[in-house]
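Contents: one structure, followed by commentary.
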Amino acid sequence: MLDTGDDLFTREDPIFANKELLEISHLPGEGRIVGRDDEISQLANAVNPAIFGQSPSNVLIYGKTGTGKSLCAKYVSKRLVETAAGEGVEAAFAYVDCAQDTTETQAVQTIAEGVNDPDETGIRVPDKGLSTSTYYKRLWRILDARFDVVLILLDEIDKLDDDDILMQLSRAGEAGKIERSKLGVIGISNKIQYKDRMDERVKSSLCEREFVFPPYDANQLRDIMEARSDAFREGVLDPSTIPRAAALAAREHGDARKAIDILRYAGEIAQSTGVPTVREEFVTQARERAETDRFRELIRGSTPHSRYVLQALALLSLSNQRQDGFRTSRVYEIYENICRQEGSDSLSLRRVRDLLKEHAFLDIIEQSKHSGGSAEGSYTKHRLLEDPEVVKEVLTENIDG
DNA sequence: AATCCACTGGAAAAAGAGGGCG
DNA sequence: CGCCCTCTTTTTCCAGTGGATT
């Protein structure tokens, strides 16, 4: 996405030797996963029966973002499939990011597509258009046709809007939906409280084993970055850069993904300014850039009206610098103006309230409740958390697209 | 204590898009 | 093609909320 590796010009990259090591999607090989040895062996232990074609334990993994949950789960699954193959057991794993596939149907579709091979099974899995039960039926057929054991990784399981899929998966065997295959579910959640919300029946079957991944400390973050430092050319990385970035990341979140992002941005800053080494002071800049990018990413893909609402709030913040928030009706007025300018019909007040709430959920704005004087009742104030200038800029730059 | 009233937020349902299947 | 399915966006309806005023 960021750069497509245009090898016409980059054959003599002065900074990066192997930039893929710093991409988020990169799955490190053996010995590159730092500080998670215990977790990995426990996880492996839980799913071990799969190697002999027996049912693996269902597992629930907790931990904040960037603590290596997905990484370890994927790594163990991959190793498991390899080992099982050595034993003559046909195993596979399917990975679902529930933040992207929030509904039951989408998640089933992703699993089915992930484990399917149309040439072998002759079963097609269309993107959409089928009923949920049809997707299930096809999934069961695919599984029985191809595999002895299947591990299903459900990442960010708390983003799922209902538990139905867990119910179906955990009971597939008993209900006789699948005969040959055994299923194992590995659920990954950011929220510890997730389990409380779960249906009792699902809870008992899904939570056979539970693991909590603690955040990385500064030393571990440093090791993680060191382990990937050969993404850079020799001598390019200033010795103080990694400790600095590690300290910064540990203090703020302990998120390894962000830490690696920062390292990559620092490298890119060096690259674009033509400096031959990655210096310590780039780390601060890199962090800022990571934040702006995060915001752009949040905005991207939102509907026009969702943007207008944000724009209205940005406009208000710019013209009234020292106010701590703007009430809904005020935002709505400005929003209506913007709609007139853009020549589109404005949405109802009710809808705009929901849009504001969505933004609050993404930490773009902050909402606070107030109670007013006579005939005022209770109301909500909205305040932009990002820099209004940045918001306005990002919002207007995308209009031509 | 009753009343005001601008605003809140849950619920349901319409509308419309996207897509498969026979 | 007609029917069925899902899913998102949006509207409509309505029962609260809560401090100041009466």
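Per chain, numbering begins at 1; letters A, B, ... match sequence-line order. Scope of the values below: all heavy atoms of this structure, side chains included, with no hydrogens, waters or symmetry mates. It should be emphasised that the depicted structure is a prediction, and the values quoted were computed from it without experimental measurement.
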query = At their closest point, which heavy atom of A:F213 faces which heavy atom of A:G68, and how far apart are they?
reply =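 Heavy atoms of A:F213 and A:G68 come nearest at CE2-O, 3.6 Å.
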
Length of the [atom1]-[atom2] vector between [X] and [N], whole Å:
X      : N      : atom1 : atom2 : result
A:K357 : B:dC7  : NZ    : P     : 17 Å
A:R307 : C:dT9  : CZ    : P     : 13 Å
A:L349 : C:dC14 : CG    : P     : 17 Å
A:K381 : B:dA6  : NZ    : C1'   : 15 Å
A:Y332 : B:dG9  : OH    : P     : 17 Å
A:L347 : C:dT8  : CG    : P     : 17 Å
A:D164 : C:dT6  : CG    : P     : 12 Å
A:R350 : C:dT9  : CZ    : P     : 15 Å

ask   = How would you label the contact of A:S329 with the nucleic acid (heavy atoms, under 4.0 Å): base, sugar-phosphate, or nothing?
value = sugar-phosphate

request  = Could you check whether A:R138 gets within reach of a base, just the sugar-phosphate, or nothing at all, counting any heavy atom under 4.0 Å?
outcome  = sugar-phosphate

Ignoring hydrogens and geometry beyond distance, is a side-chain donor-acceptor pair present between [X] and [Y] at under 3.5 Å?
X      : Y      : value
A:T328 : A:H382 : yes
A:T277 : A:D238 : no
A:K69  : A:N190 : yes

Is any side-chain N or O of [X] closer than 4.0 Å to OP1 or OP2 of [N]?
X      : N      : value
A:S348 : C:dT11 : yes
A:T134 : C:dC5  : no
A:R327 : B:dT8  : no

Side chain of [X] only, heavy atoms from C-beta on: which candidate in [options] is closest?
X      : options              : result
A:T103 : C:dT8, C:dT10, B:dA6 : C:dT8
A:T105 : C:dT11, C:dC7, C:dT9 : C:dC7
A:K128 : B:dG19, B:dC7, C:dT8 : B:dG19
A:T380 : B:dT8, C:dT6, B:dC21 : B:dT8
A:T132 : B:dG9, C:dT6, C:dT8  : C:dT6
A:R351 : C:dT8, B:dC7, C:dT10 : C:dT10

query = Parallel under 30°, tilted from 30 to 60°, perpendicular over 60°: which one fits the rings of A:Y335 and A:Y308?
reply = tilted

